[in-house]
Amino acid sequence: MNREIKLINIKEEILSENKGLADKIRERFEKKKVFYLNIMGSPGSGKTSLIMKTIEALGGRYRMAVIEADIDSLVDSEKVAALGVSTVQIHTGGFCHVDANMVEKAIESLPIDELDLVILENVGNLVCPAESDTGAFKNVAILSVPEGDDKPLKYPLMFSLADVLVINKLDYLHMSDFSTQRVMKRVKALNGGIHFFPLSCETSDGLAPWISWLEHEISSIRA
Ligand SMILES: Nc1nc2c(ncn2[C@@H]2O[C@H](COP(=O)(O)OP(=O)(O)OP(=O)(O)O)[C@@H](O)[C@H]2O)c(=O)[nH]1
Ligand SMILES: [Mg+2]
């Protein structure tokens, strides 16, 4: 009797296939000199609000498109499209993150040759989106004050791989025991190279450094 057990590691296979496709997407955006950004964070942390503030602040200086990803609904894509920006909605149908295959399908409907910037709003979740490469050049995590400053300890992966952490809803600070310094210290321990942008999408305080960073990244890819 053959007692040998064959182990098939599905997760590793799926992740490595996804990485191959994500690399192809990155190459494609690089060739076209389009900066492509992935925004991840909990439901309600302010991803759509940040995208909308960013569209307003860039004030038509760049040709933009947004890929919205949700399990269902057109709620966010309708808000973004109302600002006059090309928008594609992905319905993940229950999946809690966006993978490279979904992005490839979404970009088929985008006029890539006529764009400078593509922003992907990932599904609201602090866990799954961090596991799947979307082909983006930079990954932005967003954590909002009402969520609590312990989240980097509980959900370290997203904070470990993000290039940027936006700390949103600073206008709630006075009602909370949240400490921006504590979050930064906890995240730096995981990821020394990360950039921090504490801000409020409600009041627009702190928005300018985020916009400058983004403009710098858009020009770097063009150079
Ligand atoms: N007070 C305050 N409210 C904010 C701020 N940013 C966003 N909000 C509010 O928070 C709620 C959720 O914001 P969204 O931008 O929809 O959050 P999201 O991360 O896109 O949520 P999902 O797409 O559902 O995952 C909305 O009611 C926003 O108006 C902020 O800086 N301060
Ligand atoms: Mg949203």
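As the structure lists them, so they are numbered: ligands from 1, and atoms in each ligand from 1. In this chain, residues are counted from 1 in sequence order.
With respect to the salt-bridge test (charged N to carboxylate O, under 4.0 angstrom), the residues Arg222 and Asp116 qualify. Using a 4.0 Å cut-off between a side-chain N of Lys or Arg and a carboxylate O of Asp or Glu, Glu215 and Arg61 qualify as a salt bridge. Lys11 and Glu131 are joined by a salt bridge, as a carboxylate oxygen and a charged side-chain nitrogen come within less than 4.0 angstrom of each other.
With Ile39 as reference, Ile51 is the one residue of Thr54, Val166, Asn122, Ile51 to meet the side chain to side chain contact (heavy atoms under 4.5 Å, CB included) rule.
Angle OD2(Asp76) to the Mg ion (ligand 2) to OE2(Glu121), rounded to 10°: 100°.
Remark: minimum distance from atom 32 (N) of ligand 1 to any protein heavy atom is reached at Asp171 OD1, 2.8 Å. The nearest protein atom to atom 30 (C) of ligand 1, hydrogens excluded, is given as Lys169 CG, 3.4 Å; this is a heavy-atom distance. The protein heavy-atom contact nearest to atom 7 (C) of ligand 1 is Ser49 OG, 3.2 Å. The nearest heavy-atom contact from the protein to atom 31 (O) of ligand 1 is Cys201 N, 2.9 Å.
Using a 4.0 Å threshold on non-hydrogen atoms, atom 23 (O) of ligand 1 counts as touching the protein. In this structure, atom 5 (C) of ligand 1 has protein heavy atoms in its sub-4.0 angstrom surroundings.
In this pair, Trp213 and His195 present their aromatic rings tilted. The plane angle is within the 30 to 60° band.
Under 4.0 Å from ligand 1, heavy atoms of Thr48 appear from its side chain as well as its backbone. Residue contacts with ligand 1, taken as heavy atom pairs separated by less than 4.0 Å, involve Ser42 solely via the backbone atoms N, CA, C and O.
The Mg ion (ligand 2) lies at 2.8 Å or more from every N, O or S atom belonging to Ser49.
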